[in-house]
K.L.:
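Before I ask anything, let me first share the structure, which is written out below as structure tokens.
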Amino acid sequence: MLLDSLLTPYTLLLIPLIYYLLPYLRNRSIRDIPGPPLAAFSNLWLLYQCRLGRRYLAVDEAHKKYGPLVRIQPHHVSVADTSAIPVIYSHTGGWLKSEYYDAFVSIQRGLFNTRDRAEHTRKRKTVSHTFSQKSIGQFEQYMTYNLHELVKQWDRMSKTAISSGQPWAEMDCLHWFNYLAFDIIGDLAFGAPFGMLPKGKDIAEVKMTPDSPTTYAPAIEVLNRRGEVSGTIGCYPAIKPYAKYLPDSFFRDGVRAVQNLAGIAVARVNARLDSPDEDKGRRKDLLARLMEGKDENGNSLGREELTAEALTQLIAGSDTTSNTSCAWLYWTLKTPGIMEKLQRELDAAIPDGVEIPEYEMVKDLPYLRNVISETLRIHSTSSLGLPRVVPPAPACLVGMRRRGGV
Ligand code: HEM
């Protein structure tokens with residue numbers, strides 16, 4: 001009876017009003033920050049931009065219109081000011097990763113998506129030796145091997161073009177930088193390259209559980225899809241458990257991609273852990289370093305956590321490197337004079353007949369370093385924002401004081 005009298009058409013109309021008004025009111029402290037009007041009331045504005053693959057454009061346009069601080073969700077402010085970087089991203093500032101990162105968890109939380117400060121410290125302690133100068137030096141042999149594979153393929157393509165009377169070979173360099181990055185990270189994090197360079201193809205082995213049969217999946221495409229769908233769900237992580245039931249196949253395919261990617265890691269880490277002991281000790285790669293890692297109580301990573309961390313390295317280290325390499329080549333060729341100057345510096349530093357230079361030969365070349373830094377500056381590998389939660393202590397950003405909230 002009471003329910004009947006409450007559910008009048010007028011009160012039903014109030015439900016969406018309350019639904020959108022509550023998040024707006026709950027975040028009153030940022031009500032004076034401008035932004036697209038819908039974004040202040042609902043996560044759907046940002047989610048929709050992500051779904052269209054134009055978040056970076058929409059947020060950039062909003063900054064051009066509204067200034068360095070823009071409200072892009074009811075509880076989320078985008079900051080476009082370099083002076084804010086050391087405040088937000090310093091290790092001691094207490095700005096923890098937001099719930100956005102929950103959307104990126106698969107298998108279990110890894111270094112990248114762990115939000116708890118103590119857990120992140122434990123993981124860093126277990127994993128940090130992996131990136132010591134000595135370890136990186138030992139990784140070089142795997143990078144050199146795969147770079148040789150790339151040069152072999154590009155030489156083959158050039159020879160084929162020339163022998164058929166063409167002055168050059170045409171190719172999409174991003175594909176080849178992807179094969180290179182995946183084969184290097186596969187070699188380092190999973191004990192063997194995926195074999196994309198020799199095949200000239202995006203393909204990797206998948207196993208959903210240690211005992212399930214082996215299938216094959218395009219790892220690069222799977223990784224891209226996973227990034228797009230996780231970045232979209234990250235705007236509204238509560239929908240993650242239901243994403244595969246949404247009518248839009250973007251979400252269904254994305255959830256499948258996340259599972260496939262985890263399957264790739266499971267297949268590779270199991271093959272290594274189940275290999276004979278003498279094989280395990282032979283390689284000096286990232287997976288070997290992760291297997292040696294110990295936390296402050298002397299505990300190693302268990303099989304599942306090890307797999308999650310190896311997968312973290314694959315995700316964090318592959319398309320970041322390939323996109324940056326491709327951007328480097330693009331800007332170096334496009335900007336007059338750069339390639340010639342770089343070539344002169346490299347020719348002077350690398351002895352004749354050396355096809356793939358050693359790190360020692362090129363580590364102190366100032367112009368090369370500047371070209372890489374400038375590439376990283378003008379081509380942002382991640383356009384997702386990397387959101388953090390404002391700590392309880394007041395923070396001064398772009399001249400404004402803020403306390404608590406996201
Ligand atoms: C051009 C290449 C790269 C760029 C531009 C890049 C950029 C970044 C950025 C911006 C973050 C912070 C992410 C966040 O706060 O959400 C990050 C984190 C991370 N990156 Fe990279 N990265 C690159 C290459 C690599 C490689 C090659 C590896 C490993 C093989 C790697 C492993 C990681 C890991 C494990 C984290 C998480 C660290 C933590 O939370 O403590 N990255 N990277």
Side-chain angles (χ1 to χ4, degrees), residues 129-159 169 171 173-204 219-220 268 271-272 275 278-292 310 313-329 332 339 342-369 371-373 375-376 381:
H129 68 289
T130 308
F131 298 103
S132 69
Q133 200 59 43
K134 183 170 169 224
S135 294
I136 302 278
Q138 290 173 336
F139 298 164
E140 192 177 347
Q141 55 183 308
Y142 306 106
M143 299 176 199
T144 305
Y145 169 82
N146 287 293
L147 279 163
H148 269 297
E149 290 294 311
L150 177 75
V151 172
K152 252 198 281 182
Q153 289 285 38
W154 282 10
D155 279 349
R156 183 188 54 75
M157 287 160 77
S158 307
K159 278 183 195 140
M171 65 175 112
C173 286
L174 183 57
H175 289 321
W176 287 97
F177 283 127
N178 271 329
Y179 304 153
L180 176 69
F182 267 76
D183 272 356
I184 291 180
I185 298 285
D187 211 352
L188 289 174
F190 293 141
F194 289 109
M196 292 185 189
L197 282 168
K199 292 192 199 89
K201 209 169 158 195
D202 172 13
I203 189 142
I220 298 166
R268 290 312 200 80
R272 178 69 165 273
S275 64
E278 62 273 19
D279 288 353
K280 271 185 219 155
R282 200 171 36 84
R283 288 184 55 97
K284 304 265 177 276
D285 56 15
L286 229 150
L287 189 53
R289 294 281 94 89
L290 288 176
M291 284 157 74
E292 287 162 10
Q313 305 300 336
L314 174 73
I315 294 170
S318 51
D319 63 348
T320 43
T321 314
S322 53
N323 289 341
T324 305
S325 307
C326 200
W328 161 78
L329 186 60
T332 304
M339 189 56 106
L342 192 57
Q343 177 101 45
R344 276 198 299 279
E345 189 182 64
L346 290 168
D347 283 348
I350 303 169
D352 283 348
V354 173
E355 197 167 51
I356 308 295
E358 289 166 20
Y359 174 63
E360 275 301 313
M361 295 172 189
V362 292
K363 73 179 169 49
D364 293 321
L365 301 183
Y367 193 66
L368 174 64
R369 191 162 285 271
V371 170
I372 295 172
S373 300
T375 302
L376 287 165
T381 307

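Note that the coordinates shown come from a computational prediction; the quantities given were computed from them, not determined experimentally.
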K.L.:
Within the side chain of Gln313, is there an N or O that forms a donor-acceptor pair under 3.5 Å with the backbone of Ala189?
P.N.:
no

K.L.:
Can you tell me how far CG of Leu286 sits from CD1 of Ile184, rounded to the nearest 0.5 angstrom?
P.N.:
12.0 Å

K.L.:
Within the side chain of Ser135, is there an N or O that forms a donor-acceptor pair under 3.5 Å with the backbone of Phe131?
P.N.:
no

K.L.:
What are the two closest non-hydrogen atoms of Phe182 and Met196, and how far apart are they?
P.N.:
CB-SD, 3.8 Å

K.L.:
Quick one: closest heavy-atom pair of Phe194 and Gly186, and the distance?
P.N.:
CE1-CA, 3.8 Å

K.L.:
How far does CE of Met361 sit from CG of Leu346, to the nearest 0.5 angstrom?
P.N.:
12.0 Å

K.L.:
Can you give me the closest heavy-atom contact between Val362 and Leu368, atom names plus distance?
P.N.:
O-CD2, 3.9 Å

K.L.:
Would you check if the side chain of Glu140 reaches a backbone N or O of Glu358 as a donor-acceptor pair within less than 3.5 Å?
P.N.:
no

K.L.:
Please check: side-chain N/O of Arg268 versus main-chain N/O of Asp187, any donor-acceptor pairing under 3.5 Å?
P.N.:
no

K.L.:
With distance as the sole test, does Glu355 use its side chain to make a donor-acceptor pair with the main-chain N or O of His148 at under 3.5 Å?
P.N.:
no

K.L.:
Does any N or O in the side chain of Asp183 come within less than 3.5 Å of the main-chain N or O of Leu197, such that one atom is a donor and the other an acceptor?
P.N.:
yes

K.L.:
Side-chain contact test, heavy atoms from C-beta onward, threshold under 4.5 Å: evaluate it for Ser318 versus Ile220 and give yes or no.
P.N.:
no

K.L.:
For the OG atom of Ser322 and the CD1 atom of Ile185, what is their distance to the nearest 0.5 Å?
P.N.:
9.5 Å

K.L.:
Looking only at heavy atoms, which two atoms of Asp285 and Phe139 are closest? And how far apart?
P.N.:
C-CE2, 3.4 Å

K.L.:
Does the side chain of Asp202 come under 3.5 Å of the side chain of Asn178 through a donor N or O and an acceptor N or O?
P.N.:
no

K.L.:
Measuring from atom CG of Asp319 to atom OG1 of Thr324, what distance do you get when rounded to the nearest 0.5 angstrom?
P.N.:
9.0 Å

K.L.:
Residues in salt bridge (Lys or Arg N to Asp or Glu O under 4.0 Å) with Glu292, at least two apart?
P.N.:
Arg289

K.L.:
Can you confirm whether Lys284 sits close enough to Tyr142 that some side-chain heavy atom of one is under 4.5 Å from a side-chain heavy atom of the other?
P.N.:
yes

K.L.:
Can you list everything that forms a ring pair (Phe, Tyr, Trp, His ring centres under 6.0 Å) with Tyr179? Sequence neighbours excluded, please.
P.N.:
Trp176

K.L.:
For Val354 versus Ile350, what's the shortest heavy-atom pair and its separation?
P.N.:
CB-CG2, 3.8 Å

K.L.:
List in chain and number order the residues that pass side chain to side chain donor-acceptor pair (under 3.5 Å) with Lys152, two or more places apart in sequence or in another chain; answer none if no residue qualifies.
P.N.:
Glu149

K.L.:
If you measure only the distance, is there a donor-acceptor pair under 3.5 Å linking the side chains of Thr320 and Thr381?
P.N.:
no

K.L.:
Can you name the nearest heavy-atom pair linking Arg272 to Gly191, along with the distance?
P.N.:
NH1-CA, 3.2 Å

K.L.:
Which distance, rounded to the nearest 0.5 Å, do you find between the CG of Leu365 and the NZ of Lys363?
P.N.:
10.0 Å

K.L.:
Working to the nearest 0.5 angstrom, can you tell me the gap between Gln343 CD and Thr332 OG1?
P.N.:
11.5 Å

